[in-house]
Amino acid sequence: MNLIVSLFLGIVQGVTEFLPISSSGHLSILQNLFKMDYSEEAHLLFDMLLHFGTLISICAVYRAEIKTMFSDGLDFLRMRNDSDSGEPVTLKPPARALFFVLVGTIPMFVAAIFMSFVSRLFFSTAFVGFALIITGAILFVSDKYIQVGNKTEKTMTIKDAIIIGLAQAVTILPGLSRSGTTISVGLARGLNKNYAVRFSLLLSIPAVFGGMIVSLFKAIRAGADFSLFPVYLAGFIVAAVVGFFAIQLIRRLMAKDGIGKFSYYCWGIGALTLILSLVLK
């Protein structure tokens, strides 16, 4: 891997991780169709750093919310332990948001069982193209036919968190957009636009962190090539910076017009991928 490839993949990761167009799908297309010098098996340390870059992006944008979620969560646990009266101790909205993120993460543990099978689909360009078309359909239906609700962390339910978490678990399939699917399902469950985006991105933190840790352990076990670390670091920085602005973009787009227009991009790239998978077979 050279510096140009590292920078380019950092841009791809930062943009596609948060915009509803599937990061795994684009990485699969770049590797399988265009034979780009990137293989997760050969560059596990780089894969970990890309995940770390996008994790930093989310934490930078939502740093105040994350801090409040944890502080209110700890306050709730302390009050519950110290309360001698029979009166119930209620969760504040930020602590409720943390609770729902944790609940919504549970399905990912089940999805992890199927990762060995799913990883093989990464090399099926036809499957990725089909999944991108499905992503486009999800975005289109979400934009045209789902009536936006007004739920926030104050009124969201455990059932909502589990269903959105199940949607996130399904997106381990390459070509299905994690952000697009979870935002769309959140809207279908009655979340308002702002909170649908925020919950989707906060829900991604444990998933991205988990992927980062798995890649790190794999890299250590495989014997990472640290001679390429400066090249990897450049991609990491680009992924973090681009990811930060991608989050700001999707928040603005969601507040203004929604994310339905991305369906046309997903349909186009998905159809082109299917055609190329047949032509270049």
Transitive ILVMFWY cluster of Leu274, excluding itself - 4.5 Å side-chain cut-off = Ile133, Phe140, Val141, Tyr145, Tyr264, Trp267
ask   = Applying the 4.5 Å side-chain criterion to the ILVMFWY set and letting contacts propagate, would Val185 and Ile158 be lumped into a single cluster?
value = yes
request  = Kindly indicate, with the supporting measurements, whether the criterion side chain to side chain contact (heavy atoms under 4.5 Å, CB included) is fulfilled by Ile275 and Val279.
outcome  = CA-CA 6 Å; Ile275 293 170; Val279 173; 4.1 Å; yes
inquiry  = For Phe18 versus Ile250, what's the shortest heavy-atom pair and its separation?
reply    = O-CD1, 3.1 Å
query = In Å, rounded to the nearest 0.5 Å, how long is the span from CG of Asn2 to CZ of Phe8?
reply = 12.0 Å
key: Over all atoms of both residues, closest heavy-atom pair of Ile259 and Pro20   = CB-CG, 4.1 Å
query = With Phe130, which residues qualify under ring pair (Phe, Tyr, Trp, His ring centres under 6.0 Å), at least two apart?
reply = none
List, one per line, each side-chain donor-acceptor pair under 3.5 Å for residues 107-120, sequence neighbours excluded.
unit_1, atom_1, unit_2, atom_2, d
Ser119, OG, Met115, O, 3.3
Ser119, OG, Ser116, O, 2.8

message = Using every non-hydrogen atom in the two residues, find where Ile146 and Ser184 come nearest and quote the distance to one decimal.
response = CD1-O, 3.9 Å
Table please: side-chain donor-acceptor pairs of residues 50-62 below 3.5 Å, with sequence neighbours left out.
unit_1, atom_1, unit_2, atom_2, d
His51, ND1, Asp47, O, 2.9
Thr54, OG1, Leu50, O, 3.4
Thr54, OG1, His51, O, 2.8
Ser57, OG, Gly53, O, 3.1
Ser57, OG, Ala240, O, 2.7
Ser57, OG, Phe244, N, 3.4

query = Can you check whether Leu49 reaches Met212 side chain to side chain, under 4.5 Å on heavy atoms?
reply = no
request  = With rounding to the nearest 0.5 Å, note down the distance linking CG in Leu33 to OG1 in Thr125.
outcome  = 4.5 Å
task = Without swapping roles, check the side chain of Lys151 against the backbone of Asn192 for a donor-acceptor pair under 3.5 Å.
result = no
task = Rounded to the nearest 0.5 Å, what's the gap from CG on Asn194 to CG on Asn150? Could you check?
result = 13.0 Å
query = Going through the checks in order, is the side chain to side chain contact (heavy atoms under 4.5 Å, CB included) test met by Leu187 and Met254?
reply = CA-CA 11 Å; Leu187 293 174; Met254 195 66 191; 3.2 Å; yes
Gln31 vs Phe122, side chain to side chain contact (heavy atoms under 4.5 Å, CB included): CA-CA, chis, key distance, verdict = CA-CA 10 Å; Gln31 181 173 334; Phe122 183 87; 3.6 Å; yes
task = Following the transitive rule for hydrophobic clusters with a side-chain heavy-atom cut-off under 4.5 Å over Ile, Leu, Val, Met, Phe, Trp and Tyr, establish whether Ile106 and Val101 coincide in one cluster.
result = no
inquiry  = Within this structure, what is the CG-CG distance for the pair Leu27 and Asn32, rounded to the nearest 0.5 Å?
reply    = 10.0 Å
ask   = For the atom pair CD (Glu153) and CG (Leu202), what is the distance rounded to the nearest 0.5 Å?
value = 9.5 Å
inquiry  = Tell me every residue that passes ring pair (Phe, Tyr, Trp, His ring centres under 6.0 Å) with Tyr195, counting only those two or more places apart in sequence or in another chain.
reply    = Phe199
task = Side-chain contact test, heavy atoms from C-beta onward, threshold under 4.5 Å: evaluate it for Leu276 versus Leu272 and give yes or no.
result = yes
request  = Check whether the ring centres of Tyr265 and His26 lie less than 6.0 Å apart, and answer yes or no.
outcome  = yes
query = Are the side chain of Asp160 and the backbone of Met156 linked by a donor-acceptor contact shorter than 3.5 Å?
reply = no
request  = Apply side chain to side chain contact (heavy atoms under 4.5 Å, CB included) to the pair Ile29 and Ile269, showing each step before the final yes or no.
outcome  = CA-CA 10 Å; Ile29 292 168; Ile269 197 72; 4.3 Å; yes
task = Keeping the roles fixed (side chain from Asp72, backbone from Arg96), state whether a donor-acceptor pair exists under 3.5 Å.
result = no
Separation of Cys266 SG from Lys261 NZ (nearest 0.5 Å) = 15.0 Å
request  = Please tell me if the side chains of Leu191 and Thr152 come closer than 4.5 Å, counting only heavy atoms from C-beta onward.
outcome  = no
ask   = What are the two closest non-hydrogen atoms of Ser28 and Val128, and how far apart are they?
value = OG-CG2, 3.4 Å
task = Check the hydrophobic clustering (I, L, V, M, F, W, Y; side-chain heavy atoms under 4.5 Å; chains of links allowed) and say if Ile237 and Ile4 are grouped together.
result = no
task = For Ser204 and Leu201, indicate whether the former's side chain and the latter's backbone hold a donor-acceptor pair under 3.5 Å.
result = yes
task = Verify the cluster assignment for Phe127 and Phe123: are they in a single hydrophobic cluster under the rule of side-chain heavy atoms below 4.5 Å apart?
result = no
Less than 3.5 Å apart, which donor and acceptor atoms pair up between the side chains of residues 165-178 and the rest of the protein, not counting sequence neighbours?
unit_1, atom_1, unit_2, atom_2, d
Gln168, OE1, Arg178, NH1, 2.9
Thr171, OG1, Gln168, O, 2.5
Ser177, OG, Ser179, OG, 3.4
Ser177, OG, Gly180, N, 2.9
Arg178, NH1, Ser200, O, 3.1
Arg178, NH2, Ser200, O, 3.1
Arg178, NH2, Ser200, OG, 3.4

key: Shortest non-hydrogen separation from Leu132 to Ile21 and the atoms involved   = CD2-O, 3.5 Å
query = Taking all non-hydrogen atoms of both residues, which atom of Phe46 and which atom of Ser6 are closest, and how far apart?
reply = CE1-OG, 3.5 Å
query = Under 4.5 Å between side-chain heavy atoms, hopping through other hydrophobics if needed: is there a path connecting Leu30 to Phe236?
reply = yes
